[in-house]
Protein chains: 2
Amino acid sequence: MRRGSRLSGVLHVLLHMAEQDEPVTSEALAKAMDTNPVVIRRVMAGLRDQGYVRSEKGHGGGWTLARDLADVSLRDIYEALGQPALLAVGNRTEAPGCLVEQAVNAALTRAFNDAEALLLSRLADVTLARLSADFHKRLAGRGKGHRLETAHAK
Amino acid sequence: MRRGSRLSGVLHVLLHMAEQDEPVTSEALAKAMDTNPVVIRRVMAGLRDQGYVRSEKGHGGGWTLARDLADVSLRDIYEALGQPALLAVGNRTEAPGCLVEQAVNAALTRAFNDAEALLLSRLADVTLARLSADFHKRLAGRGKGHRLETAHAK
DNA sequence: CCATCATGTAATATCAATAGTTACATGAGA
DNA sequence: TCTCATGTAACTATTGATATTACATGATGG
């Protein structure tokens, strides 16, 4: 999973899980996400601790969704991931006593906060159920079935 | 200058230059920004090519502002820097054929674009002149003069 | 039980992006 | 023509994130 795509990747994984009746192993998810099983476990561990997914060990084990898709928004997932910085632009803090820096930071911070608030509210508007519905609409349009393995063939 | 603070750092430099009557050397700016002169030159070179600053070689040389502070917005500078990604969250593109990924990306892209547009318009609203005025207001409030060197003493 | 499967997790390695450094060329003044 | 300052290429260092390895824990099925 490449940089900066954690939220996107996790949503992808969750929707794929939603299509599966049985637990999905980290290995299967890793293959689909083109990454390593350990990376999947690391990321999913956070979601599990916050009650979004469950994990089971042993035969037939793996990951399952713990909540209704309609009850989870993209913002929920974003926050469950530890709220990685949404905005790539940060403030300098080298010379906090410098009045120029204070003026610059004040202006930038205001603009960033506004944008971040808008983004979060947009994310809050979209539930996993809505994404899933969108997916199924696309699926019907294409007129084919869906299998995790074939959807990510190389 | 640490990561992700390019815009902030450049604005800082520009405002400091505005306070100076004579050209400021890369070395002086580097000291103030706690970085290396070559880094300053690299970044400023882009701004010079786009007409925001001028550079002069030889004795008494250095960097000067080429435009009125009132004519330059934060968005102008942001764009002059090569429009570094504002949003730290990107879309996955590993499996563009996967319908799940398409659904996820569609939702995220919409939200991000909205937020980015808002951020850009906020940056466009603020001119360097306004930042400078803000700085001078803070300066008056503190009741002291301003010198580049002392403002960044360690 | 014990072999196997799967997660849990620490430790380590790899990788890419950015920043910093060195070195030397170019041009402007004094 | 000596010095100062930018211009720039090449290289190194640092950092943050991801990937990998290795091993522990627990569940299941024979």
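Letters go in sequence order (proteins before strands), and every chain restarts at 1. Keep in mind that what you see is a predicted model, and the values were worked out from it rather than measured.
The distance from atom CZ of Arg6(B) to atom C1' of dA17(C) is 10 Å, rounded to the nearest whole Å. The distance from atom CG of Asp34(A) to atom P of dT18(D) is 14 Å, rounded to the nearest whole Å. One can place CZ of Arg48(A) at 11 Å from C1' of dT9(C), the figure rounded to the nearest angstrom. For Asn36(B) and dG7(D), the CG to P distance is 15 Å, given to the nearest whole Å. The NE2 atom of His59(A) sits 8 Å away from the P atom of dG30(D) (whole-angstrom rounding). Between the CZ atom of Arg41(B) and the P atom of dT8(D) there is a distance of 11 Å, rounded to whole Å. dA6(C) atom C1' lies 10 Å from atom CH2 of Trp63(A), rounded to whole Å. Taking atom CD1 of residue Ile40(A) and atom P of nucleotide dG8(C), one finds them 13 Å apart after rounding to whole Å.
In this structure the side chain of Trp63(B) reaches within 4.5 angstrom of the side chain of Arg48(B), judged on heavy atoms. A 4.5 Å side-chain heavy-atom check between Met33(B) and His16(B) finds at least one atom pair inside the cut-off.
For Lys57(A) and dT28(D), a side-chain-to-base donor-acceptor distance below 3.5 Å is absent, hydrogens and geometry of angles not being considered. Taking only distance into account, the side chain of Arg42(A) meets the base of dA19(D) through a donor-acceptor pair shorter than 3.5 Å.
Heavy-atom minimum distance, Leu15(B) versus Val104(A): CD1-CG2, 4.1 Å. Residues Ala30(B) and Pro37(B) share a closest heavy-atom pair of CB-N, 3.4 Å.
Residue order along DNA chain D, read from the 5' end via each residue's closest nucleotide, puts Gly60(B) first among Gly60(B) and Val38(B).
Arg138(B) has a carboxylate O that lies under 4.0 Å from a charged side-chain N of Asp134(B), or vice versa, which qualifies the two as a salt bridge.
A close approach under 4.0 Å does occur between a side-chain nitrogen or oxygen of Ser55(B) and OP1 or OP2 of dG7(D). Considering only side-chain N and O atoms, Thr35(B) lies nowhere under 4.0 angstrom from the phosphate OP1 or OP2 of dA19(C). For Ser26(B) and dT6(D), the shortest distance from a side-chain N or O to OP1 or OP2 is below 4.0 Å.
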